[in-house]
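Working notes, beginning with the structure itself.
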Amino acid sequence: MIIKCNNLNIKQIADSGQTFRWYERKDHYVVVANHRAVSMTQLSDGIELDDENSIWKHYLDIDRDYNAIMTHYKGKDDFLDAAMDYGSGIRILNQDPFETIMTFIISANNNIKRITSSVLALSNNFGTYLKTIDGVDYYDFPTPEQLREVSVESFRNCGVGYRDKYLYGCVQDILNKKIDLEAIKSLSDIELRQALMRLKGIGEKVANCVILFAYARYEGFPVDTWIKKVLSEHYGIEKDHKIFVESYFKPYGGIAQQYLFFYGRR
DNA sequence: TACCAGGCAACTT
DNA sequence: AAGTTGCATGGT
């Protein structure tokens, strides 16, 4: 399947820190999502996928006009202009809430390489086999049900460190309906964030990642160490980040944040 | 060797 | 309410 789309750069999305399941291979990428593993190739005016399912258009947020969003911010300040120019192929993916919750719990005080390896270990150890591509087996991210009997120690063995107990508790809380990841879709941005923060291991930053990357809430503006550095060095903001970013970058703060993160971390 | 990485919960003041 | 501290682990 060929998807025509400007503002879609595979490498930029893979390196943007919103997903940890885009794998760079020789002349293409392998993307694991939507209970599938696909081969994705960059074209000059879009991408080619070896899969016909229309879910990928939603996953890649194809119907949203990112050019219009960038136009909205154009000229606001030099740093954001440069960031949008540098990362103009980034899109905000529509990812699975459970997978996003688990991977961003792992992300806390961690680095992208190790997050990626932990997510791979969780999938290979506990997820459903999907496909073999060029001799590599790909597994789906496990469901809560598949993780029901997984112990704190088994999580630890995936390299997640002290976050093991948070992952375990999160799975149990979902299975026990302390939180319903489908039902909370109807909540407001603020209520949704608060609902997620009831889970151990999810603070304000991780909750913002989840509402942005899994619930398409662009009010979510994750402030991590890189964004703090950007705000400090280029906007003169040392504290009260929240107050500044919520007014300055609205109404697509989360999208602007992705450009800033990607450019600031280069 | 110390410091850092898409922070958080628990504790202290 | 606001500030401080410990935390697994691999990379630099």
Side-chain angles (χ1 to χ4, degrees), chain A residues 11-22 83 86-87 90-93 95-97 99-122 125 141 150-173 178-179 193-235 237-243 245 249 253-266:
Chain A
K11 181 170 175 54
Q12 288 179 13
I13 293 173
D15 294 342
S16 70
Q18 61 177 308
T19 176
F20 302 94
R21 303 223 68 190
W22 286 42
Y86 182 76
I90 293 174
R91 312 181 72 77
I92 307 294
L93 304 173
Q95 302 188 72
D96 175 71
E99 177 174 344
T100 307
I101 286 169
M102 296 290 277
T103 61
F104 280 91
I105 286 175
I106 295 168
S107 80
N109 195 27
N110 207 341
N111 60 70
I112 288 177
K113 180 177 283 188
R114 199 160 75 97
I115 299 162
T116 303
S117 75
S118 293
V119 171
L120 181 62
L122 280 174
N125 289 345
F141 191 84
V150 174
S151 65
V152 173
E153 184 183 5
S154 295
F155 280 117
R156 175 70 67 98
N157 290 337
C158 294
V160 301
Y162 63 88
R163 308 160 193 83
D164 53 3
K165 55 189 176 295
Y166 303 144
L167 299 178
Y168 177 86
C170 180
V171 168
Q172 299 304 317
D173 286 346
K178 179 180 175 184
I179 185 168
R193 186 186 294 129
Q194 286 173 341
L196 291 165
M197 287 175 67
R198 290 174 59 205
L199 299 171
K200 294 292 183 191
I202 300 188
E204 191 164 16
K205 189 270 170 184
V206 170
N208 276 324
C209 287
V210 175
I211 72 169
L212 177 60
F213 301 140
Y215 291 94
R217 306 298 183 94
Y218 302 128
E219 300 297 313
F221 193 107
V223 178
D224 73 324
T225 56
W226 294 103
I227 289 292
K228 278 180 185 165
K229 190 173 159 70
V230 166
L231 292 175
S232 169
E233 293 181 1
H234 300 281
Y235 292 89
I237 302 296
E238 300 291 347
K239 54 177 186 176
D240 296 328
H241 310 109
K242 202 168 29 168
I243 296 168
V245 301
F249 293 108
I255 297 176
Q257 186 273 358
Q258 274 305 100
Y259 297 129
L260 296 176
F261 176 83
F262 185 68
Y263 187 54
R265 210 177 75 85
R266 75 193 182 285

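We name chains A, B, ... by the order of the sequence lines, and we start the count at 1 in each one.
- For the pair A:Ser232 (side chain) and A:Lys228 (backbone), a donor-acceptor distance under 3.5 Å is absent.
- As rounded to whole Å, 16 Å separates atom C1' of B:dA5 from atom CG of A:Asp15.
- Atoms CG (A:Leu199) and P (B:dG7) sit 18 Å apart, rounded to a whole Å.
- Among the atoms of the strands shown, none is found under 4.0 Å from any heavy atom of A:Ile105.
- Nearest-nucleotide positions on DNA chain B for A:Lys200 and A:Ile227 put A:Ile227 closer to the 5' end.
- Of all the residues in residues 201-211 of chain A, A:Gly201, A:Ile202, A:Gly203, A:Glu204, A:Lys205, A:Val206 reach under 4.0 Å from DNA chain B with at least one non-hydrogen atom.
- Ring to ring, A:Phe261 and A:Phe221 are not that close: their centroids are 6.0 angstrom or more apart.
- Within 6.0 Å of CZ in A:Phe249 there are more than 12 heavy atoms belonging to other residues, nucleotides or ligands.
- Side-chain atoms of A:Gln18 never come within 3.5 Å of backbone atoms of A:Phe213 as a donor-acceptor pair (strictly under, hydrogens ignored).
- A side-chain donor-acceptor contact under 3.5 Å links A:Arg114 to the backbone of A:Gly159.
- Using a 4.0 Å heavy-atom criterion, one finds that A:Leu212 contacts no nucleic acid atom at all.
- If you check every strand for non-hydrogen atoms under 4.0 Å, A:Phe213 touches a base.
- A salt bridge links A:Glu204 with A:Lys242: at least one charged nitrogen is closer than 4.0 Å to a carboxylate oxygen.
- Between the side chain of A:Asp240 and the main chain of A:Ile243, no donor-acceptor pair closer than 3.5 Å is present.
- Only the C1' atoms considered, B:dA9 is 23 Å distant from C:dG10, to the nearest whole Å.
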Original post:
Which nucleotides of nucleotides 6-12 of chain C have their base under 4.0 Å from a protein heavy atom (B), which only their sugar-phosphate (S), and which neither (-), written as one string 5' to 3'?
Top reply: -BBBB--
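- Side-chain atoms of A:Ser151 and A:Glu153 include no donor-acceptor pair closer than 3.5 Å.
- Residue contacts for A:Thr103: at a heavy-atom cut-off of 4.0 Å it reaches no nucleic acid atom on any strand shown.
- Between A:Thr225 and B:dG7 there is a side-chain polar atom (N or O) within less than 4.0 angstrom of OP1 or OP2.
- For the pair A:Lys239 NZ and C:dA2 P, the interatomic distance rounds to 11 Å; values are reported in whole Å.
- As rounded to the nearest Å, C:dG3 and B:dA5 have C1' atoms that lie 23 Å from one another.
- Judged purely by atom type and a 3.5 angstrom limit, A:Arg198 has no side-chain atom pairing as donor or acceptor with the backbone of A:Ala195.
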